[in-house]
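Just so you know, these numbers use all the heavy atoms, side chains as well, and skip hydrogens, waters and symmetry mates. Fair warning: this is a prediction, and the values are worked out from it, not measured in the lab. Numbers here simply count residues along the sequence, with the first being 1. Each ligand, and each atom within it, is numbered from 1 in the order the structure gives.
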Amino acid sequence: MTEQFFRGLEATTIRRLKEHVGEEVLVQGWLYNKRGKGKLQFLLVRDGTGIVQAVAAKGALPEECFEAAKAMTQESSLRLTGKVVADERAPGGVEIQPSWIEEVHRSEEYPITKKEHGTAFLMEHRHLWLRSKKQTAVLRIRDEIIKAIRDFFYERDFACVDSPMFTPNACEGTTTLFRVDYFGEPAFLTQSGQLYAEATAMALGRVYCFGPTFRAEKSKTRRHLTEFWMVEPEAAFFDLDDVMALAEDFVSTIVSRVLENRAEELEVLERDTARLEASTKTPYPRITYEEAARILCEEGDGSFVKGEDFGAPHETLLGERFDRPVLVHRWPKEIKSFYMKRDPERPDLVLGVDMIAPEGYGEIIGGSQREDDLDLLLARIEEEGLDREVFSWFLDLRRYGSVPHGGFGLGLERTVAWICGVEHLRECIPFPRMLYRIYP
Ligand code: 4AD
Ligand code: MG
């Protein structure tokens, strides 16, 4: 830990103030809000780890400090030292009695105030909106999820081996590719690191890649970003059942971790944690695409066509039938990617799986067992009209010690949205990239 001192005191994060009751501490942050009553100034100070109330009493600190507190505007930056006192009524259970307050910078009139702002305004001020309580809570939970993901794989001998962002080939269909000019050669931003993860899995056995992925999605839904983060485990000698078992172990572990470590943030978000508890328990229900299609035909609004992919309302309907995520497996090959392995018992199906979150959050995972047979894979590449040349390296994996293998991709922002109970993906990544948004 880097130690920072000011007036002989070591800096403490607000989150850890409870550990310092009765002690003098240094807090550095921004003025979140202020109320004044003559000789008392109630300052709500935030530092990104939490918010604490500091009650400045005239006479209890140097006059210039009291005056500085009085004059301070919303979002002014400050340093203060003071004694931590326990107070059950206070958020976080403690308050500070300041002995020194110093303004670091006087904020200009802050554009985001207590009043309700429209989404367009907030998105235009995303760089400042991030400072609000709810947005900070979402990003803390996002960080907790990222840490849980890395720990989960580390503990199970999966090595993190990242895939490139520039690629010469398409992984998830050719309609959502972002083209870039790569020194005069056409290239694309990656839609998924999977194909490269298959190669690294043949080298290291169990791997995952975790990074941004790009899709030129023309849809303006609350579930689509053009740049999103995906974590993609891939393992040699995994069949579809192994992939599903890994996926439910993974998701239930992530949910448990957030419930355990981020109760305060979930409370800020007013998340109904009882509903999340169910998702910490495995097994998750598993149904085939055909069973799911039957449910949608019988109970849906008539918009579902058997043989086609699910739309958002269909995923919502399926997700709401269960208290925890549901795994939908064995899909018609026409609607899934070329690399999925054919079901040996049903050549019209592939061994793919989607995980659909409850409460209307839709698909959070897409995965499969991969086609490991050279000739069948070649046939699929031809069928899809893909350029065989650019897949030549990928085909090599089926030439030199091919093994059954599989994996999946979990969309980070969709998972964050579900766990936080936030409706729109734009609040689940610091700076969202969408159809009509690339600023700030
Ligand atoms: O189902 P998808 O397209 O699967 C793949 O890309 C596989 N190659 C992954 C693999 O097997 N290694 O995408 C995986 C997940 C989805 O379930 C969803 O959570 C998320 O990525 N996702 C998006 N998230 C935000 N915005 C978008 N436009 C997304 N498209 C997919
Ligand atoms: Mg999918």
Side-chain angles (χ1 to χ4, degrees), residues 142 145 149 158 161-163 167 169-178 189-201 206-235 238 240 242-244 246-247 250-251 254 289 308-312 314-315 319 325-329 331 335-341 350-357 361-371 394 405-419 422 424-429 432-435 437:
R142 179 185 165 106
I145 293 172
I149 287 170
F158 281 71
V161 186
D162 287 321
S163 297
T167 66
N169 48 255
C171 179
E172 296 299 325
T174 49
T175 56
T176 61
L177 287 168
F178 275 113
L189 294 178
T190 188
Q191 298 165 305
S192 156
Q194 178 197 321
L195 305 184
Y196 295 94
E198 287 189 45
T200 54
R206 295 178 174 199
V207 299
Y208 70 100
C209 58
F210 192 7
T213 46
F214 307 87
R215 302 220 183 152
E217 302 267 14
K218 296 263 164 58
S219 45
K220 257 185 77 183
T221 81
R222 65 191 179 91
R223 290 181 190 164
H224 288 95
L225 297 169
T226 53
E227 176 179 329
F228 61 98
W229 280 63
M230 199 182 344
V231 53
E232 299 179 81
E234 189 71 30
F238 264 41
L240 180 64
D242 298 323
V243 169
M244 292 199 279
L246 182 72
F250 183 53
V251 172
I254 292 172
Y289 170 87
E308 290 188 359
D309 203 356
F310 305 152
H314 309 130
E315 288 178 358
V326 54
L327 295 154
V328 181
H329 58 94
W331 291 68
I335 55 172
K336 287 292 184 192
S337 302
F338 74 96
Y339 53 71
M340 291 195 185
K341 188 174 177 62
V350 287
L351 299 175
V353 60
D354 277 10
M355 185 187 283
I356 297 172
Y361 285 93
E363 179 198 328
I364 52 171
I365 280 183
S368 69
Q369 186 174 336
R370 319 304 189 191
E371 185 54 76
F394 186 63
H405 64 287
F408 61 80
L410 170 123
L412 180 64
E413 290 76 19
R414 293 217 189 148
T415 307
V416 172
W418 163 50
I419 292 179
V422 167
H424 205 298
L425 253 51
R426 65 182 164 226
E427 291 181 46
C428 298
I429 186 165
R433 297 290 172 246
M434 297 179 291
L435 185 51
R437 174 145 314 270

Check: Quick one: nearest non-hydrogen protein atom to atom 1 (O) of ligand 1, plus distance?
Finding: E363 OE2, 3.0 Å
Next item on the list: For R223 and ligand 1, answer yes if some heavy atom of the residue is under 4.0 Å from a ligand atom, otherwise no.
Entry: yes
Notebook entry, point to check: Are the side chains of H424 and M434 in touch, meaning some heavy atoms are under 4.5 Å apart?
Noted result: yes
Next item on the list: Nearest 0.5 Å please: distance from the CE atom of M230 over to the OG1 atom of T190.
Entry: 7.5 Å
Margin query: Only heavy atoms of I365, strictly under 4.0 Å: list the atoms of ligand 1 that pass.
Written below: 17 (O)
Notebook entry, point to check: atom 22 (N) of ligand 1: which of F408, Y361, F228 has the nearest heavy atom?
Noted result: F228
Note to self: Show the atoms of ligand 1 that are less than 4.0 angstrom away from any heavy atom in G411.
What the structure shows: 15 (C), 19 (O), 20 (C), 21 (O)
Check: Among side-chain atoms of E217 and T176, is any donor-acceptor pair under 3.5 angstrom?
Finding: no
Next item on the list: Specify the closest pair of heavy atoms between E232 and G193, including all atoms of both residues, with the distance to one decimal.
Entry: OE2-N, 2.7 Å
Check: At what distance is the nearest protein heavy atom to atom 28 (N) of ligand 1, and which residue and atom is it?
Finding: L225 O, 3.0 Å
Item checked: Atom indices of ligand 1 within 4.0 angstrom of E232 heavy atoms, with elements -> 8 (N), 9 (C), 10 (C), 12 (N)
Note to self: Can you tell me how far apart CE (M244) and CE (M355) are? Round to the nearest 0.5 Å.
What the structure shows: 10.0 Å
Notebook entry, point to check: Relative to the heavy atoms of Y339, which atoms of ligand 1 are at a distance of less than 4.0 Å?
Noted result: 7 (C), 8 (N)
Next item on the list: Check whether any side-chain N or O of S192 sits under 3.5 Å from a backbone N or O of Q194 as a donor-acceptor pair, and report yes or no.
Entry: yes
Checklist line | Separation of E413 CD from I429 CD1 (nearest 0.5 Å) | finding: 4.0 Å
Checklist line | F408 ring center near F250 ring center (under 6.0 Å) | finding: yes
Next item on the list: May I ask you to decide if E172's main-chain N or O and Q191's side chain share a donor-acceptor pair within less than 3.5 Å?
Entry: yes
Next item on the list: Starting from atom 18 (C) of ligand 1, locate the nearest protein heavy atom and write down its residue, its atom name and how far away it is, to 0.1 Å.
Entry: R414 NH1, 3.6 Å
Check: Within the side chain of E315, is there an N or O that forms a donor-acceptor pair under 3.5 Å with the backbone of E363?
Finding: yes
Next item on the list: Find all atoms of ligand 1 within a distance of less than 4.0 Å from any non-hydrogen atom belonging to L425, and give their numbers and elements.
Entry: 25 (C)
Checklist line | Selection from G352, C428, G409 by shortest heavy-atom distance to atom 15 (C) of ligand 1 | finding: G409
Checklist line | ligand 1 atoms in contact with R370 (distance to a heavy atom under 4.0 Å) | finding: 10 (C), 11 (O), 12 (N)
Notebook entry, point to check: Hey, is ligand 1 close enough to S368 that some N/O pair sits below 3.5 Å?
Noted result: no
Checklist line | Distance filter under 4.0 Å to G366 heavy atoms, resulting ligand 1 atoms | finding: 1 (O), 9 (C), 10 (C), 11 (O), 17 (O)
Next item on the list: Could you label the plane-to-plane angle of the W331 and Y289 rings as parallel, tilted or perpendicular, counting under 30° as parallel and over 60° as perpendicular?
Entry: tilted
Next item on the list: Verify the distance test for E363 against the Mg ion (ligand 2): any N/O/S atom under 2.8 Å, yes or no.
Entry: yes
Next item on the list: Any atoms of ligand 1 less than 4.0 Å from a non-hydrogen atom of I364? List them with their elements.
Entry: 17 (O), 19 (O)
Next item on the list: Identify which of E172, K336, R215 has a heavy atom lying nearest to atom 7 (C) of ligand 1.
Entry: E172
